[in-house]
Structures are given as C-alpha cells and as structure tokens.
Amino acid sequence: MHALARDVLRQRFAALDAAEQVAAHARAAQWLAAHELLDEAAHHALSAGQHQTAYELAERSLYESLMRRGRQATVLEWMAQMPADELDRRPRLLLAAAWTLASSERHEEAGRFVARILAQPDVSDALRCECALILGGAAVFADDPDRFVELHAPWTEAVPLTDPLLLQSHANRMAYRALLEGEPALARLRQQQALRGHPGHGVDYIRRWSELVIGLSYAWEGQVLLAEQLLRPAVAGAEAEMGRRHRFSCNLAALLASVAWERDLPGDAATLLADRLDVLEHSGLPESLLQAYRTAARIAAAEGAEHRALELLDALDAAGAARRLPRLRIASLAEQVRLHAQRHRAQTCRELCERIDAQLADPTLPQGPLWRRSVEALRDVARAHAAIAARDWPDALAKLARADEQARQRKQGGLHIELLGLRALALERCGQPAQALLREAMDLARAYGLQRVFSDAHPELGAWVGTLAAEGAQAEIAVAPLVPAAPPASAPAAPASPGAVLTPKEGEVLVLLARNLSNKEIGRAMQVGETTVKWHVKNLFAKLDAGTRTQVVQRARILGLLAAGH
C-alpha cells in the first residue's frame, strides 16, 4: 500500500468511535486467521479485547515463526504483554520464550523458563531433549563449553526427536561439540550426515545456524578461502531474509569480516562490521563478538590509528565485563600484548601478561578443561609476544613452540601458520637457519588464502616475507597470493581503473553504495561524517550522470569502475 494511502486510512480509522474500532479489529483478526496470517491476527484480536483468542493464535504462530524465521523480537514482545499464568498454560509459548532468551545476553533467564516447562506433569523424553538443546544454546552464549558438552552428552546416541527442525538443531549441537573438542573436520561431517538424514525440509532459521558452524570450522582451521566461499552467500541470504541488523545476520557478518581481513580485504571487513557492533554486544555469540572487535582493532592499527585500536580493545574488555564473559577480557589483553609487541614495548607487554595471570588466578572463573584450554592458549601466545617485545629470542622460541603445540593439537591452522612464521623469525634472530621453516609457513599461507597472517603477527616478519617474495627466493615458494604478479603481456585488458575517473574516496563510497548501505552506514565504515559522505555521493551523481543511487551503481558497472564481485 502506498504510504500516503495508508496514512489517510489510519486517520479515518482513528476518527471512528471505540466500538467501531474494536469491531474492525475483530473482523481483521478473523480474516487474517482464516488466511493463516496468525501473528497479525493475534495482534488484532488483542486490540479487539479478545485476549484468549489472541493468546491461542500467538501460541500457534510464535514457536513456528521463531524456529523457521528467527523472529525473537516478536516473541519478546508477546512475553511482555502476556500474563505469567497464561505462559504456564501454554507450553509452546514457554518453549518459544526459552529459545529466544537462550540465544542472547539474557541466557540465564532461559534456565528459569526451562524449569517451568520441566515442572509440568507428563514431560516426555522428546521435551526433555529439547530443553537440553535450549540450555545448551544458553551455555554457548554464556561461553561455557564444558557445560554445553555436559548438557549434550545424554542425547548423543538415542535422540527422541522427530521434528526436522529440532533434529537439525541437534545436528548443529553435535557439530559444535566436535569443534570445541578440536575436530573441525568432524564438525562438518556431522552436518553432512544430518543433511543426508533429513533432506528437503527447507532453508530455515535453524538450518542457517549450520552454515555458521561450518563457516566457523573452516575459520578455525585457517581455511579462509573455503570460509569466504560459504559465508558470503550465507550473509547475503540472511540479510535479505531477516535484515542487516538481525542478530543472526550480525553473527555471520562478524565471522565473514574476520575472514575478509585475513584475505586482505579491509574495505569489505569494515563494511561488514559497520553499524553492527552494538547488536553483537547484546546478542552476539562470544566468538562473534571477539572476532568483530579484534578485526576492527586490527583494521584501525593497520591504518595507523593505534589509539583507535586500543579503544576498540578496551570496548571488547568492557563488553566481556558487562556480559560476564571472562575469556573475552583475557582475549582483549592478549590482543593488546600483540599490538605493543610489534613496537617492542617490553614493559607494557609484561604488565599486560601479569594482568592476564591475575585474571586466570581468579577462583570464580570457570574451571572446566575446555574453557581453561582456550584461555591458556591465549595466555601462552601473549607470553610469546612479550618475549619477542623484549627481544629475548631464545625465550620466545620456547614459548612459541609451546603455543604452537597447543594450536596443532586443537587443529587451529591459521594460528599454527602464524606461530611457524614467528618461530622462523626467532630462529633467524638467534643466528640459526630459518628460511626453510619460513618457506613452509608461506606455502601453507598461500594454500589457505591467508594474506595478512605474517604482517599481522609482527612487522619484522611481514617485511622479511615481503623481501623473500619480491626476490622470488626459490621456485617452490608460491608467492602469488602474497605479492600479486603482473599480468602477462597477452592478458586481456583490465577494466578501467576507478582512479582514472573517481577520487580514491569516491571509489570507496561507490563500493559501499553497491552494497546498499545508507549514508550513515557508509560514514561509519569509512570513519567520516555523514556530510562528507553526502558530498562524495553528490560528486558520483554528477560524474556518472545518474539520478538515483541505483543508477550510479549500474553505470559504474557498465564503465568498469566496479569489480565483478561488487
């Protein structure tokens, strides 16, 4: 309906007396329910004063709406309107509420709803299993992997579920457990088995979580080429279906942003994170929140804005404190150690490592083996960077070897390659042969698509790799992904360079326009004011003789000013 027509009709409706308005709501509820538009029907029934009808319609619609389309906001809205005793009389509403709360910073409340469900008479094994899935999701958002595994363990063999959506959710949990235990390939196998066992039940919200788990498994291994191939269409699909700022879209985008950064696509990474950090702070997976802030900080550091990078890492620490996620606070400190080690600030690195040790000594922290292993890995890498900052190369070698052993045990391929490179640097500084080890790391980085791993690890390592790549070193060192080779003379002509027509900033704005970002979002991505963005957009309109933003993008493509992927 045209906006003007809608506004006129609303004005006419507001002019009706109360009885006529109630009757209109009642007729609307009846018609919408007859056409299976249950959520809208429930709202009209509530406005008509037909509370029981509204609650019955909501019960029929909310659970399915949540599980298939991820509409948590709708569930929370009904929770706020519905009396507590009504929720207790409607188990599917309790389940919808518990699922919604489990996948947010309000995960502790989910446990109370699950307790209300299990307190009801005649609870089936299938319902108990679903409650375990809910509590397992809450444990993920609480960053408590050991609790997650404990909840999942009783249901690994005999699964009393028949609903395809719940079976998919169970498969997601199986895969995530394998990932936590350091088996990313097994995680993907679990998902593939689930798809073979339950084909054809549609691409829904629960199924989309499997894309996130698989993408996370590739990123865990450092396989960023495969991760990017999977995550780009997944993010586009989630944005189209649920919206750019939906919590799930933001979780996927945070993971893809970290992958884009590793692929040396900082513009893409910044765009993916633009206008999303606030959503992730409240409803992001701990890992997504960590990846988002870490990537944003590395982008800032690479641009020479060290103060901004440190501010972002402080914000990560604050988010960890607010959501009681101590691993994120330790990760913030470890990333600060890395940043200061690149400038050989030995004293600052030592102080930060002491803060990490003090936090790990807190007896109130989780003590489960999976959680401890993850934070001890952060500590060991931080200690290695501190030794590098002090130029204590023998000590750095020992600490790097310890951290690398843990990375290999957990099959964290990207971290393993980074530590190989740093070990080569330490060996070289100790006067020992190191080029063979570095060549191995470079070859692995090329295979995995990791283009920033060495420069991110330490500028001296990045410079050394760049020198070897530029010199051509040995035939077996495949340097193409690290230093792009010039195209052969017979190669076809490349598209026109944006620089030939547009300024560099106009080129950046054009790329972001092609991603359907608003001026405000473009400003956040480029870290400039909205007025500046409007000025660049105005110039693009003039240079490309376009009347709309869509025409700007279309004509830029025709002129070869946008790459095929944009």
Side-chain angles (χ1 to χ4, degrees), residues 63 66-67 91 94-96 98-103 107-108 110-111 113-115 117-118 122-201 204-221 248 251 285-288 327 366-374 409-412:
Y63 183 86
L66 171 70
M67 301 298 277
L94 277 176
L95 282 168
W99 275 107
T100 298
L101 293 170
S103 58
H107 49 79
E108 290 183 356
F113 276 84
V114 166
I117 295 168
L118 295 178
D122 303 322
V123 176
S124 66
D125 283 346
L127 186 56
R128 293 183 190 279
C129 184
E130 183 172 359
C131 286
L133 291 175
I134 294 169
L135 293 177
V140 172
F141 275 82
D143 202 25
D144 191 347
D146 299 279
R147 172 67 173 155
F148 171 83
V149 170
E150 176 188 346
L151 286 162
H152 187 266
W155 310 101
T156 53
E157 300 299 332
V159 185
L161 300 171
T162 56
D163 186 326
L165 290 172
L166 293 179
L167 286 168
Q168 178 64 58
S169 182
H170 183 267
N172 293 347
R173 300 295 198 276
M174 291 280 287
Y176 192 69
R177 177 179 177 177
L179 188 59
L180 290 174
E181 293 173 344
E183 296 294 343
L186 180 59
R188 294 191 291 275
L189 178 62
R190 298 289 190 214
Q191 292 287 6
Q192 292 165 3
Q193 290 171 339
L195 293 175
R196 288 196 296 267
H198 308 284
H201 54 82
D204 45 53
Y205 179 62
I206 297 297
R207 174 71 68 84
R208 287 194 179 279
W209 278 96
S210 69
E211 297 172 332
L212 189 148
V213 174
I214 294 173
L216 190 57
S217 76
Y218 283 131
W220 182 288
E221 291 178 318
F248 182 74
N251 276 289
L285 286 165
E287 191 62 27
S288 299
R327 181 171 68 97
Q367 300 300 318
L370 290 175
W371 190 88
R372 297 296 301 187
R373 187 169 67 174
S374 66
Q409 286 179 0
R410 301 183 70 197
K411 297 183 173 62
Q412 292 178 289

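If you're wondering where the values come from, they're calculated on a predicted model, not measured in any experiment. Basis for what follows: all heavy atoms, side chains included, without hydrogens, waters or symmetry-related copies.
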S.K.: So, the side chain of S217 versus the backbone of I214: is there a donor-acceptor pair under 3.5 Å, distance only?
M.R.: yes

S.K.: Counting N and O atoms only, with roles assigned by atom type, does the side chain of W220 sit under 3.5 Å from a partner on the main chain of R410, one being a donor and the other an acceptor?
M.R.: yes

S.K.: Please check this pair: side chain of D143 against backbone of P286, looking for a donor-acceptor N/O pair closer than 3.5 Å.
M.R.: no

S.K.: Do L180 and D146 pass the side chain to side chain contact (heavy atoms under 4.5 Å, CB included) test, and can you show the C-alpha distance, the side-chain angles, and the key distance before you say yes or no?
M.R.: CA-CA 9 Å; L180 290 174; D146 299 279; over 6 Å; no

S.K.: Which residues satisfy the ring pair (Phe, Tyr, Trp, His ring centres under 6.0 Å) test with F148, sequence neighbours excluded?
M.R.: Y176

S.K.: If I take atom CZ from residue F248 and atom CZ from residue R208, how far apart are they, to the nearest 0.5 angstrom?
M.R.: 7.0 Å

S.K.: Out of curiosity, K411 NZ to E181 CD, how far, rounded to the nearest 0.5 Å?
M.R.: 11.0 Å

S.K.: How far does CG of D144 sit from CZ of R327, to the nearest 0.5 angstrom?
M.R.: 11.0 Å

S.K.: With no hydrogens and no angle check, just 3.5 Å: does a side-chain donor-acceptor pair link E287 and N251?
M.R.: no

S.K.: Kindly give the heavy-atom pair with the smallest separation between A139 and R147, and that separation in Å.
M.R.: CB-CG, 3.9 Å

S.K.: At what distance, to the nearest 0.5 angstrom, does OG of S169 lie from CH2 of W209?
M.R.: 10.0 Å

S.K.: Which heavy atom of L166 sits nearest to which heavy atom of L161, and what is that distance?
M.R.: O-CD1, 3.9 Å

S.K.: Tell me whether R188 is salt-bridged to E221, with the criterion being a basic N under 4.0 Å from an acidic carboxylate O.
M.R.: yes

S.K.: State which residues pass ring pair (Phe, Tyr, Trp, His ring centres under 6.0 Å) with H152; sequence neighbours excluded, sorted by chain then number.
M.R.: H170

S.K.: With rounding to the nearest 0.5 Å, note down the distance linking CG in L186 to CE in M174.
M.R.: 8.0 Å

S.K.: Using atom types as modelled and distance alone, determine if a side-chain donor or acceptor of T100 lies under 3.5 Å from a backbone N or O of A96.
M.R.: yes

S.K.: Got a donor-acceptor contact below 3.5 angstrom from the N172 side chain to the V213 backbone?
M.R.: no

S.K.: Report the C-alpha distance between L95 and I117 in whole Å, list the side-chain angles of each, state the deciding distance to 0.1 Å, and finish with yes or no for side chain to side chain contact (heavy atoms under 4.5 Å, CB included).
M.R.: CA-CA 8 Å; L95 282 168; I117 295 168; 3.6 Å; yes

S.K.: Say you draw a straight line from CD of Q168 to OG of S210; how long is it, rounded to the nearest 0.5 Å?
M.R.: 5.0 Å

S.K.: Report, one line per pair, each donor and acceptor closer than 3.5 Å where one atom sits in a side chain of residues 127-134; sequence neighbours left out.
M.R.:
| residue | atom | partner | partner atom | Å |
| --- | --- | --- | --- | --- |
| E130 | OE2 | Y63 | OH | 2.5 |
| E130 | OE2 | W99 | NE1 | 2.9 |

